Asker: 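Submitted below is the structure of interest, expressed as structure tokens.
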Amino acid sequence: MGDALDPRPFAIEQRLAGVRRVIGVSGSKGGIGKSVIASTLALALADQDRRVGLFDLDFTSPSDHVVLGVDRSFPAEEFGIDPHVAHGIHLMSVAFFAGDAAVPLRGAATTSALLELLAITRWGDLDVLLLDMPPGLGDTSLDVINLLPRLEFLLVGNESRVVIESVRRAAALLTELNVPTVGILENMRRGDGEAIRALAEGVAMPYLAAIPFDSALEAALGDVELLRKTDVYRSLARLAESF
Amino acid sequence: MHELALADAVMKAALRAAEDAGMDRVERLVVKVGELQQIEKDLFEFSLTSVLSSQDQRLADASFQVTEERVRFGCNACGREYGRNDISLDDSDQGEAIHFIPELSHAFARCPDCGSPDFEILAGRGITLERIEGTGDG
Ligand SMILES: Nc1ncnc2c1ncn2[C@@H]1O[C@H](COP(=O)(O)OP(=O)(O)O)[C@@H](O)[C@H]1O
Ligand SMILES: [Mg+2]
Ligand SMILES: [Zn+2]
């Protein structure tokens with residue numbers, strides 16, 4: 001044998017063997033609601049008795065534990081590490097390890113941290129594992145495309161022209177790379193949604209649903225009882241039924 | 001003991017390497033553990049032995065040689081190279097976090113000269129399968 005081997009990639013397939021679907025919640029721009037949608041969709045799926053995992057891959061600004069009100073503490077360690085289970089959701093986040101500290105990572109370090117977590121996290125049997133993606137089509141997106149052959153993407157967009165343009169680029173790349181997509185989800189709808197419908201049609205992807213701009217959302221973050229009463233949750237609960 | 005998961009990954013990598021080399025019997029695995037991840041050599045040898053029974057037959061008689069590698073950081077801001085003794089961690093939780101995910105050193109460690117968290121881990125990060133030795137040409 002010639003070169004030294006990083007053993008971690010060889011463990012991933014078995015770690016995810018019990019997971020039926022892996023869906024990356026993406027959409028290229030930041031601040032369009034990926035984390036809120038991934039977390040709330042996970043909650044809706046869990047409420048519908050689906051076995052759901054949520055993996056926060058925005059290592060430099062993890063948010064899902066904030067949306068779902070999950071305390072940060074080290075995961076249990078056994079033959080690997082166990083995600084926290086909160087409100088029926090199996091959640092893994094770098095926030096459980098980093099405390100309050102910022103986590104400044106270059107691309108190679110981001111990839112390495114991802115490999116480590118994929119190699120040691122015990123997801124068990126899940127119907128859906130949602131990946132809350134960082135913004136953009138950078139290291140993490142390319143890594144999960146390379147490492148997870150069963151990956152599908154769900155793209156989040158809104159009506160803004162800057163967002164539409166960027167979601168269109170993301171959709172084109174996924175199509176070119178033959179990465180399956182669940183469809184495009186419109187968030188923060190204020191208008192008639194025509195622009196997103198046209199976008200979805202243009203890139204030949206399903207238009208999944210429209211989530212209204214919900215001024216009650218901010219007050220509900222961190223409290224799942226309140227989150228369940230939001231329009232965001234109601235819209236995503238309908239979508240969850242189709243999963 | 002999340003070391004067991006890493007030991008299992010080493011076995012899977014070794015099996016792939018054996019397949020690629022056409023070996024029917026792996027006699028020895030040479031594994032390197034990096035200082036940064038704070039996995040003890042003895043404990044990792046024990047972990048490798050523990051997971052051996054659940055592996056492919058080609059690995060059944062393998063022995064292990066585990067070597068340790070010092071960690072070396074290289075600062076991207078000022079160019080300084082430094083080691084474990086040049087950084088200080090505030091508490092055991094930080095060490096524990098780095099044990100799980102060595103990249104969390106970027107959250108807690110700083111360049112001793114300029115204070116930057118922007119460094120490369122040049123050596124001694126985590127676990128590497130250095131080589132396998134065995135017989136048979138498939
Ligand atoms: N449908 C919505 N209505 C109102 N505010 C929303 C909605 N979706 C997301 N937000 C808010 O927008 C901000 C960005 O959301 P976030 O999920 O962090 O985006 P991303 O993960 O894409 O960067 C947050 O403050 C969030 O509460
Ligand atoms: Mg986010
Ligand atoms: Zn420096």
Side-chain angles (χ1 to χ4, degrees), chain A residues 1-17 56-57 59-62 72-83 92-123 139-140 143, chain B residues 1-23 26 29-32 37 47-48 50-51 54 76 90-91 93-94 96-110 116-121 125-134:
Chain A
M1 175 187 151
D3 293 338
L5 278 183
D6 180 345
R8 298 172 295 169
F10 299 93
I12 295 172
E13 191 184 325
Q14 197 196 336
R15 287 280 163 213
L16 294 175
D56 195 334
L57 293 185
F59 294 160
T60 59
S61 65
R72 296 176 313 210
S73 60
F74 283 123
E77 179 183 14
E78 207 188 311
F79 196 102
I81 56 173
D82 293 331
M92 183 53 72
S93 171
V94 159
F96 299 154
F97 304 91
D100 283 324
V103 186
L105 297 177
R106 283 177 181 261
T110 306
T111 298
S112 187
L114 173 65
L115 276 174
E116 196 76 25
L117 283 169
L118 284 171
I120 64 177
T121 304
R122 305 201 309 168
W123 291 106
D139 299 278
T140 304
D143 284 333
Chain B
M1 279 268 297
H2 92 286
E3 284 83 351
L4 289 169
L6 295 171
D8 191 58
V10 167
M11 294 294 176
K12 291 192 165 53
L15 183 61
R16 177 71 61 83
E19 280 166 359
D20 289 351
M23 280 181 199
V26 178
L29 268 58
V30 180
V31 178
K32 201 168 66 181
Q37 196 159 19
S47 303
L48 288 165
S50 307
V51 299
S54 59
N76 285 320
D90 287 350
D91 54 44
D93 275 1
Q94 296 185 351
E96 184 77 352
I98 292 170
H99 171 61
F100 285 115
I101 310 173
E103 283 65 38
L104 285 176
S105 52
H106 295 281
F108 307 123
R110 296 292 182 261
S116 176
D118 181 11
F119 50 78
E120 306 296 325
I121 304 167
R125 176 203 173 276
I127 295 192
T128 312
L129 176 61
E130 285 293 289
R131 62 174 192 279
I132 60 170
E133 297 164 6

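All figures in this text were calculated on a predicted structure; none of them were measured in a lab. The chains referred to below are lettered A, B, ... by the order of the sequence lines, with proteins before strands, and numbering in each begins at 1.
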Asker: Give the minimum heavy-atom separation between Glu116(A) and Phe100(B), together with the two atoms involved.
Answerer: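 So the minimum-distance heavy-atom pair works out to CG-O, 3.3 Å.
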Asker: Given that the side chain runs from C-beta out, which part of Ile12(A) has a heavy atom under 4.5 Å from chain B: side chain, backbone, both or neither?
Answerer: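 Contact with chain B is absent: no heavy atom of Ile12(A) under 4.5 Å.
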Asker: With a 6.0 Å cut-off (strictly less than), is the heavy-atom count around CD of Glu13(A), excluding the residue itself, greater than 12?
Answerer: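 Atom CD in Glu13(A) is not crowded, with 12 or fewer foreign heavy atoms closer than 6.0 Å.
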Asker: Using the test salt bridge (charged side-chain N to carboxylate O under 4.0 Å, His left out), find all partners of Asp139(A) that sit at least two apart in sequence or belong to another chain.
Answerer: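 So Asp139(A) forms no salt bridge (charged side-chain N to carboxylate O under 4.0 Å, His left out) with any residue.
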Asker: Got a second to check how far Asp93(B)'s CG is from Phe74(A)'s CZ, nearest 0.5 Å?
Answerer: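 Taking CG in Asp93(B) and CZ in Phe74(A), the distance rounds to 4.5 Å.
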Asker: Residues in side chain to side chain contact (heavy atoms under 4.5 Å, CB included) with Ala109(A), at least two apart?
Answerer: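 Listed in chain order: Leu105(A), Glu103(B), His106(B).
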Asker: When rounded to the nearest 0.5 angstrom, what is the spacing between CZ in Phe97(A) and CG in Leu104(B)?
Answerer: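 The distance works out to 7.5 Å.
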Asker: Report the distance from atom CD of Glu3(B) to atom CD1 of Ile120(A), rounding to the nearest 0.5 Å.
Answerer: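 Rounded to the nearest 0.5 Å, the CD-CD1 separation comes out at 9.5 Å.
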Asker: I need the residue from Val10(B), Asp118(B), Leu6(B) with the largest number of non-hydrogen atom pairs under 4.5 Å to chain A.
Answerer: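 Going by pairs under 4.5 Å, I would pick Asp118(B).
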Asker: Measure the CD1-CZ distance between Ile101(B) and Phe59(A) for me, rounded to the nearest 0.5 Å.
Answerer: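 Answer for the CD1-CZ pair, Ile101(B) versus Phe59(A), is 7.0 Å.
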Asker: Where is the tightest heavy-atom contact between Ala11(A) and Ala9(B), given as atom of each residue plus distance?
Answerer: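 Result for this residue pair: CB-CB, 3.6 Å.
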Asker: What part of Ile127(B) gets closer than 4.5 Å to chain A, counting heavy atoms only: side chain, backbone, both or neither?
Answerer: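 Both the backbone and the side chain of Ile127(B) come within 4.5 Å of chain A.
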Asker: Tell me if the CZ atom of Arg110(B) is crowded by more than 12 foreign heavy atoms within 6.0 Å.
Answerer: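 Counting other residues, nucleotides and ligands, CZ of Arg110(B) exceeds 12 neighbours.
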Asker: Do you know which two heavy atoms are closest between Arg8(A) and Arg125(B), and how far apart they sit?
Answerer: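 Minimum heavy-atom contact is NH1-NH2, 3.0 Å.
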Asker: In terms of heavy-atom proximity below 4.5 Å to chain A, should Val51(B) be classed as side chain, backbone, both, or neither?
Answerer: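 Only the side chain of Val51(B) comes within 4.5 Å of chain A.
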Asker: Does atom CG of Asp100(A) have more than 12 heavy-atom neighbours, drawn from other residues, nucleotides or ligands, at distances under 6.0 Å?
Answerer: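 Not buried by this count: 12 neighbours or fewer within 6.0 Å.
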Asker: Tell me, out of Ala113(A), Ser112(A), Gly99(A), who's got the most heavy-atom pairs with chain B below 4.5 Å.
Answerer: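 The candidate making the most pairs under 4.5 Å is Ser112(A).
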Asker: Measuring heavy-atom distances to chain A, does Asp20(B) have an atom under 4.5 Å in its side chain, in its backbone, in both, or in neither?
Answerer: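 Interface part for Asp20(B): neither.
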Asker: For Arg122(A), is it the side chain, the backbone, both or neither that has a heavy atom under 4.5 Å from a heavy atom of chain B?
Answerer: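 Contact with chain B involves no heavy atom of Arg122(A) at all.
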Asker: Just how far is it from atom CG of Leu5(A) to atom CD of Glu130(B), taken to the nearest 0.5 Å?
Answerer: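 That separation rounds to 9.5 Å.
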Asker: Heavy-atom cut-off 4.5 Å, strictly under: side chain, backbone, both or neither for Asn76(B) against chain A?
Answerer: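 Interface part for Asn76(B): side chain.
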Asker: Can you tell which part of Glu96(B) gets under 4.5 Å to a heavy atom of chain A, answering side chain, backbone, both or neither?
Answerer: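 Contact with chain A involves both backbone and side-chain atoms of Glu96(B).
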Asker: Over all heavy atoms of both residues, which pair between Pro7(A) and Thr128(B) is shortest? Give the atoms and the distance, please.
Answerer: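 Looking at all heavy atoms of both residues, the closest pair is CD-CA, 4.1 Å.
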Asker: What pair of heavy atoms forms the shortest contact from Gly80(A) to Ala5(B), and how long is it?
Answerer: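 That closest heavy-atom pairing would be CA-CB, 3.7 Å.
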